[in-house]
Amino acid sequence: MPMPHRTFAQVAKRRLTGKEGRERIRAVRELIAELPDYRNGPYADLRKWLTEEIEETRVRSSAVHRDSIAVRREGAAQIALVGPPNVGKSSLLQALSDIQIKTGDYAFTTLRPVPALTRIGGVLVQLVEIPGLIAGANEDRGGGRALLGVLRSADAIVYCGRPGADARELRAVIDEVELAGIEKPSFLAATRSDEAPPEALAKLRADFPGMDVLPVSVLDDASLEAFREAAWALTGLIRVYLRTNGVTEPEPTALEPGSTVTDVADSVHHELAATFMGARIWGPSARFEGQRVGREQPVQDGDVVELIKPM
Ligand SMILES: Nc1nc2c(ncn2[C@@H]2O[C@H](COP(=O)(O)OP(=O)(O)O)[C@@H](O)[C@H]2O)c(=O)[nH]1
Ligand SMILES: [Mg+2]
């Protein structure tokens, strides 16, 4: 006759109290071994809870070393990727950059933020994977405070959720970020979308109605390109291509939103900003190609600008 599940839960809590690290994991394993082997119902719930305890204990032990995590900023903007374990964050980071990151089909493969540079329309942008952000992060569970600190300093956040996964996992992550008072431009990447039946994608959209949802798969280059452009749009930055003697430079200049032609000139040379006579402009801001504009003309993402230098 197995112990009633409520009694078992009490015994389990008592046996885990005050234990951390390896000792706690060993105690959890012993408890799991003692559980009756039901697939459903209260004993199955207990097994799930205990299994999660193992992961969370691991995260907590590694958290001792992550009180302050500084991710050195590189590139024109920093975008954090955050979501539950195993949704494909590392894979996405890897597909978008040329770094090698360990991935695995189990929880918490990576425990620290991992930065990587990706090129978006010729501009380098830093992506940072934030692994292991769990419910209770605001109380520093799983070293959550330091992770939230990284999110706070990012320019934008891409939430990652796998269609078909338990929505509560992603909800918990979003709740922690909101609880921390962090508000950034963001969208929801529906990861591993090649594996997702249309109903699962529709359900993800329904579960997170306030968010823009972008399906992405590391196996689909077009989806990766769409991801890059959506991530760029989050930064609010403007890419302007300089044109000199009729030749457009392939690498754009990244400028703050609200920039003008004078800021473009300033990015080339301060002195030029003081003396240039206006510009010709092609692209989204131009009423017609090669339009002549004044020094205060605002620029938009994708504009081509030829500065008119003094004689
Ligand atoms: N089919 C498919 N599998 C993926 C995709 N992205 C990740 N995976 C797999 O999902 C598992 C978890 O990926 P990982 O990047 O480690 O997830 P993370 O824990 O969120 O960093 C690995 O087995 C990956 O190979 C995807 O776009 N399509
Ligand atoms: Mg990972």
Side-chain angles (χ1 to χ4, degrees), residues 51-52 54-63 65-66 69 71 78-118 126-135 137 141-144 146-148 150-151 154 156-174 176-177 186-201 203-205 207-208 211 213-231:
T51 311
E52 285 170 354
I54 294 183
E55 297 303 347
E56 289 175 13
T57 305
R58 284 203 182 114
V59 170
R60 272 199 304 276
S61 338
S62 69
H65 310 289
R66 53 148 99 141
I69 308 175
V71 180
Q78 189 185 60
I79 301 174
L81 303 184
V82 67
N86 227 19
V87 296
K89 301 182 297 300
S90 298
S91 306
L92 194 53
L93 206 70
Q94 197 160 330
L96 291 165
S97 70
D98 44 37
I99 58 161
Q100 285 295 314
I101 303 161
K102 208 166 58 156
T103 58
D105 218 340
Y106 49 89
F108 302 117
T109 310
T110 35
L111 292 168
R112 293 173 148 271
V114 180
L117 282 171
T118 188
Q126 187 180 43
L127 302 174
V128 186
E129 176 186 0
I130 313 285
L133 192 83
I134 54 176
R141 262 180 100 211
L147 297 173
L148 289 166
V150 177
L151 282 176
I157 298 177
V158 176
Y159 291 100
C160 298
R162 184 172 66 80
D166 187 341
R168 283 173 298 185
E169 283 190 75
L170 176 59
R171 173 55 61 203
V173 171
I174 296 173
E176 290 299 328
V177 176
S186 65
F187 66 83
L188 170 55
T191 49
R192 303 173 62 165
S193 63
D194 57 287
E195 299 174 327
E199 325 69 271
L201 188 60
K203 178 162 187 311
L204 185 71
R205 288 186 200 276
D207 284 337
F208 298 92
M211 302 184 82
V213 178
L214 182 77
V216 63
S217 159
V218 299
L219 306 176
D220 175 0
D221 285 341
S223 81
L224 293 174
E225 198 43 41
F227 180 96
R228 281 196 177 88
E229 284 305 318

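When a ligand or atom number is given, it counts from 1 through the structure's own listing order. FYI, side chains are in, hydrogens and waters are out, and symmetry mates aren't considered; it's all heavy atoms of this structure.
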Review point. N/O to N/O below 3.5 Å, does that happen between G88 and ligand 1?
Key: yes
**Study point:** Side-chain touch S97/L117, heavy atoms, less than 4.5 angstrom
**Key:** no
Check your understanding: Going by heavy atoms, is Q94 under 4.0 Å from ligand 1?
Key -> no
Check your understanding: Do any nitrogen or oxygen atoms of V218 lie less than 3.5 angstrom from nitrogen or oxygen atoms of ligand 1?
Key -> yes
Practice item. Out of P84, S91, S223, indicate the one that has the non-hydrogen atom closest to atom 7 (C) of ligand 1. Key: S91
Review point. Closest N/O/S atom of E129 to the Mg ion (ligand 2), by atom name?
Key: OE2
Review point. For R205, which residues count as a salt bridge (charged side-chain N to carboxylate O under 4.0 Å, His left out) partner, sequence neighbours excluded?
Key: none
Revision key, fill the gap. Near S90 (heavy-atom distance under 4.0 Å), the atoms of ligand 1 are 15 (O), 18 (P), 21 (O)
Exercise for review: Could you confirm whether S91 has any N/O/S atom lying under 2.8 Å from the Mg ion (ligand 2)?
Suggested key: no
Check your understanding: Could you walk me through whether I130 and I157 pass the side-chain contact (heavy atoms from CB on, under 4.5 Å) check?
Key -> CA-CA 10 Å; I130 313 285; I157 298 177; over 6 Å; no
**Study point:** Which of the ligand 1 atoms, numbered from 1, are nearer than 4.0 Å to a heavy atom of S217
**Key:** 27 (O)
Check your understanding: Hey, looking at atom 26 (C) of ligand 1, which of V114, T191, D194 has the closest heavy atom?
Key -> D194
Check your understanding: Between P163 and L201, what is the shortest heavy-atom contact and its length?
Key -> CB-N, 3.9 Å
Practice item. For ligand 1, find out whether one of its N or O atoms is nearer than 3.5 Å to an N or O atom of L92. Key: no
Exercise for review: Locate the shortest heavy-atom distance separating A172 from A135; write the atom from each residue and the value.
Suggested key: CB-CB, 4.2 Å
Exercise for review: Give me the one residue out of V218, N86, V216 that meets side chain to side chain contact (heavy atoms under 4.5 Å, CB included) with T191.
Suggested key: V216
Review point. Atoms of ligand 1 less than 4.0 Å from K89 heavy atoms?
Key: 15 (O), 17 (O), 18 (P), 19 (O), 20 (O), 21 (O)
Practice item. Tell me, with the steps shown, if I174 and M211 meet side-chain contact (heavy atoms from CB on, under 4.5 Å). Key: CA-CA 11 Å; I174 296 173; M211 302 184 82; 3.8 Å; yes
Revision key, fill the gap. Looking at E129, R162, R192, the heavy atom closest to atom 8 (N) of ligand 1 belongs to R192
Check your understanding: For ligand 1, which atoms, with element, lie under 4.0 Å from some heavy atom of E195?
Key -> 1 (N), 2 (C), 3 (N)
**Study point:** Nitrogen or oxygen of N86 less than 3.5 angstrom from that of ligand 1
**Key:** yes
Check your understanding: Run the side-chain contact (heavy atoms from CB on, under 4.5 Å) check on L188 and L204 step by step: do they pass?
Key -> CA-CA 10 Å; L188 170 55; L204 185 71; 4.1 Å; yes
Point to revise | Under the ring-ring contact (aromatic ring centres under 6.0 Å, His included) test, residues paired with F227 that sit two or more places apart | key: F187
